[in-house]
K.L.:
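The structure that follows is given in the form of structure tokens.
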Amino acid sequence: MHGSKAMVRTLLEGLLAGSSADGKADLAVFPSFPYLSLAQSMLSGSHIAWGGQTLNPNAQGAHTGETSGGMLVDMGCRYVLVGHSERRSIYGESDEDVALRFKAALDAGLEPVLCVGETLEEREQDQTETVVARQLDAVTNAYGIDVFSRAVIAYEPVWAIGTGLTATPQQAQDVHAFIRDKMSALNVIIADQLRILYGGSVKGSNAAELFAQSDIDGGLVGGASLTAEDFLAIYGAVA
Ligand code: PGA
């Protein structure tokens, strides 16, 4: 819930000027809903994709205040985040709720970015893999593995989001490898092609080392995506 029309315009102008279609990374932005139409008008035909930050699991109907996958498609979105930790912790989305949103995104023709990750308490109790496995199982048990050929996973340790604490490259790599192995057990080809992003205090100064890990395919960036300068420092760290 950051930004304004002026801020989004300045940010997108900066990103368009400072990135290119032949860059090594794919670039997407996830503005708040009121700014999706601005993103659509500024980014259409460019190399930068955009997406929503959540969606309602229903396709349409009397759901005052909610936004459907079809509406996001109508705004030109390619992606939508599902199960961001703030949706889970502040707005009470259960693993099952997240799975329904994941499916609704696919049904609408969007690529869901499924966010998973443990809290500090869960990490300290050595529950990281158990929690991440449970969050992934909620989707694969309901909808299978093939749906991940049109999806992205973001590993975001809750204790690292917006806190300035970053998982060490090795801590992140360990969980990313766990996720890829778990998906490999269901389908090796899909697991190999799956993009697994790391999120949690990614910034220009730590991005290169994170992205150098073999199972870290990119970043999901919060605070450092709010100015073009900070975001482009991360984009520039892709080797
Ligand atoms: P952060 O946020 O980069 O500010 O830690 C990440 C996120 O909210 O996904």
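By convention here, the first residue in the shown sequence is residue 1. Note that the structure is a prediction, hence the values are computed from the model and not measured. Note that these values count all heavy atoms, side chains included, but never hydrogens, waters or copies made by symmetry. Just so you know, ligand 1 is whichever comes first in the structure, and atom 1 is the first atom listed for that ligand.
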K.L.:
Which of the numbered atoms in ligand 1 are under 4.0 angstrom from any heavy atom belonging to Gly200?
P.N.:
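Taking each heavy atom of Gly200 in turn, ligand 1 has 5 (O) under 4.0 Å.
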K.L.:
Taking distance alone, with no angle check, do Glu156 and ligand 1 share an N/O pair under 3.5 Å?
P.N.:
yes
K.L.:
Which option, Gly162, Gly117, Gly219, Gly222, owns the non-hydrogen atom nearest atom 5 (O) of ligand 1?
P.N.:
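Looking at heavy atoms only, Gly162 sits closest to atom 5 (O) of ligand 1.
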K.L.:
With the side chain counted from C-beta on, respond yes when Glu156 and His84 share a heavy-atom pair under 4.5 Å apart, and no when they do not.
P.N.:
yes
K.L.:
Return yes when Ala160 approaches ligand 1 closer than 4.0 angstrom through a heavy atom, no otherwise.
P.N.:
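Ala160 counts as a contact of ligand 1 under the 4.0 Å cut-off.
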K.L.:
Are any of the heavy atoms in Ser201 under 4.0 Å away from ligand 1?
P.N.:
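Flag set, Ser201 near ligand 1.
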K.L.:
Where does the angle between the aromatic ring planes of Phe102 and Phe148 fall among parallel (under 30°), tilted (30 to 60°) and perpendicular (over 60°)?
P.N.:
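Geometry flag for Phe148 against Phe102: tilted rings.
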K.L.:
Out of Gly223, Gly164, Ser225, who gets a non-hydrogen atom closest to atom 4 (O) of ligand 1?
P.N.:
Gly223
K.L.:
Taking NZ, NE, NH1 and NH2 as the nitrogens, is one of them in Arg180 or Asp217 under 4.0 Å from a carboxylate oxygen of the other?
P.N.:
yes
K.L.:
Is it the case that the side chains of Ser94 and Asp97 hold a donor-acceptor pair, with the cut-off being a distance below 3.5 Å and no angle test?
P.N.:
yes
K.L.:
Could you go step by step and tell me if Glu129 and Lys182 meet the salt bridge (Lys or Arg N to Asp or Glu O under 4.0 Å) rule?
P.N.:
CA-CA 10 Å; Glu129 292 187 357; Lys182 187 168 165 52; over 6 Å; no
K.L.:
Tell me, please: is His84 in heavy-atom contact with ligand 1, that is, under 4.0 Å?
P.N.:
yes
K.L.:
Assess, by modelled atom type and distance only, whether the side chains of Trp159 and Glu118 contain a donor and an acceptor separated by less than 3.5 Å.
P.N.:
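Short answer, yes.
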